[in-house]
Amino acid sequence: MREIGHFIGGKAIAGKSGRFGDVFDPNTGEVQAKVAFASPAEVEAAIASAAAAQPAWAATNPQRRARVMFKFLELVQNEYDSLAKLLSSEHGKTVADARGDIQRGLEVVEFACGIPHLLKGEFSDSAGPGIDLFSLRQPLGVVAGITPFNFPAMIPMWKFAPAIACGNAFILKPSERDPSVPMRLAELLIAAGLPAGVLNVINGDKEAVDTLLTAPTIQAIGFVGSSAIAEYIYATGCAHGKRVQCFGGVKNHMIVMPDADMDQAVDALIGAGYGSAGERCMAVSVAVPVGQKTADILVQKLIPRVESLKIGPSSDPQADYGPMVTRAHLDKVKSYVDLGVKEGAKLVVDGRNFKLQGYENGNFMGGCLFDDVTPSMRIYKEEIFGPVLSVVRAKDYEEAVRLPSEHEYGNGVAIFTRDGDTARDFTSRVNVGMVGVNFAIPVPLSYYTFGGWKRSGFGDLNQHGPDSIRFYTKTKTVTARWPSGIKEGAEFVIPTMR
Ligand code: NAD
């Protein structure tokens, strides 16, 4: 059986802890590889390798660092197809969707290619007599990223590309469920000219993460995953003096106003609700039609579309979505559908018993649609992360604004309407971090920032865009007097500009 180890000091090495996790083929349910779980000593070896490499990398001028990123872009693009297939074979998303996962990561690498410009500081000439004032952005040192299973290419790239471009060394702890693509990305970065040790990949579980969280050398931690773990990582990392940003669970609503183009809204809900089997942080899991008439039309249009979703093996180019990542996750999602029925929601499309011929042991699930879901139900309050869409009927626009605003998660939200006033009012008032107007998956492009609010985001700065440069650098401000020979005698009061 194939064994996946770690990537330390510029090369792949076997794990030595004797502890392993299973990497499944979600299409068949079979174990296709074993992934090593790092011991604290192996994590420490990665940290030591990063700490040794970082000073010379930070001293490499930003243009040269950018050239490594440009070359990396080219190398990943050369392997697009094989990487997408590899990703799909461990995650279960379709190959076409896996290409999007890689592409969205590469767009942040493209952003990081602008690092010479992004690191420019500020300069005030003659801020006082013979005094210049300026600011510098300096790397933090060794930083780490802990990433989830659902975007095994995109989220690691969102983390390591800006961090490395800023002059840091990076330790990545990818998801143990689909680790092969992050390992290959590390090899490609070395092939692109990154010095050994600047990016290390440690595979593992809580033991590896806890070692990173408490290691004094690690200056900052970026995390993406579920909220309970996000909160734990935020609290533990901060308690150990690190800069920490954590992005957690989600419950994204889509408001459908009575004046919306209903066919467009239905297309959007089908794609955003069921694409990637609902295992996306920007998946829409709650539809909020405004008014009974809108709700009746919407549900009647959704039912046949959910019933006719094409579910297939992840390699099938005709499939709308493939299997879920693991049997355990499939069981969890199905148990939420059971719960919804018990709570009194109306299950108008039931995909629980879907079986794919020839793939009976795969983690496949048909699309489910609930109507008459209420805010007090657990299926509304909690994240399900599967192909399950809940319709919550709002009596008016005010209730529709209130629902996502009062929900404990606040990652993304969308409104479908033809009315500019309503759209503008909604975008301004809704208490959620990312908003789409007639756009169901409002993932900002790489030169803006990505991040949710409330229990979807812990920490002050977002991912990618200008915030990523702020997160991975510290600002130094310099006050310099030239000519240095100006003599004013000893000053005993604080200098001011009076
Ligand atoms: P997860 O929380 O189970 O795992 C995320 C990472 O944390 C993995 O690397 C995992 O190994 C590690 N981990 C797991 N348990 C741990 C523990 N007890 N202590 C320390 N580390 C631990 O998340 P997942 O199932 O891989 O990913 C799905 C979740 O990620 C969903 O909740 C989804 O909403 C969320 N997500 C959020 C965003 C966002 O931007 N807000 C983006 C993508 C995914």
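Start at 1 and go down the list; that is how both ligands and their atoms are numbered. In what follows, every heavy atom counts, from backbone to side chain, and hydrogens, waters and symmetry copies are set aside.
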Do [X] and [Y] have side-chain N/O donor and acceptor atoms under 3.5 Å apart?
{"X": "Ser88", "Y": "Ser314", "answer": "yes"}
{"X": "Tyr321", "Y": "Glu279", "answer": "no"}
{"X": "Tyr336", "Y": "Glu382", "answer": "yes"}

* Asked: Do Asn27 side-chain atoms and Pro313 backbone N/O form a donor-acceptor pair below 3.5 Å?
  -> no
* Within the side chain of Gln32, is there an N or O that forms a donor-acceptor pair under 3.5 Å with the backbone of Val23? ->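 No.
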* Neighbouring protein residues of ligand 1 - any heavy atom closer than 4.0 Å -> Ile146, Thr147, Pro148, Phe149, Asn150, Ile155, Lys173, Pro174, Ser175, Glu176, Arg177, Lys206, Val209, Phe223, Val224, Gly225, Ser226, Ile229, Phe247, Gly248, Gly249, Val250, Cys281, Glu383, Phe385, Asn411, Phe450, Ser456
* For residues 205-220, pull every pair meeting side chain to side chain donor-acceptor pair (under 3.5 Å), keeping only residues two or more places apart or in separate chains. =>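 Side chain to side chain donor-acceptor pair (under 3.5 Å) check on residues 205-220 returns Arg19-Asp205, Arg19-Glu207, Lys206-Asp210, Lys206-Tyr232, Asp210-Tyr232.
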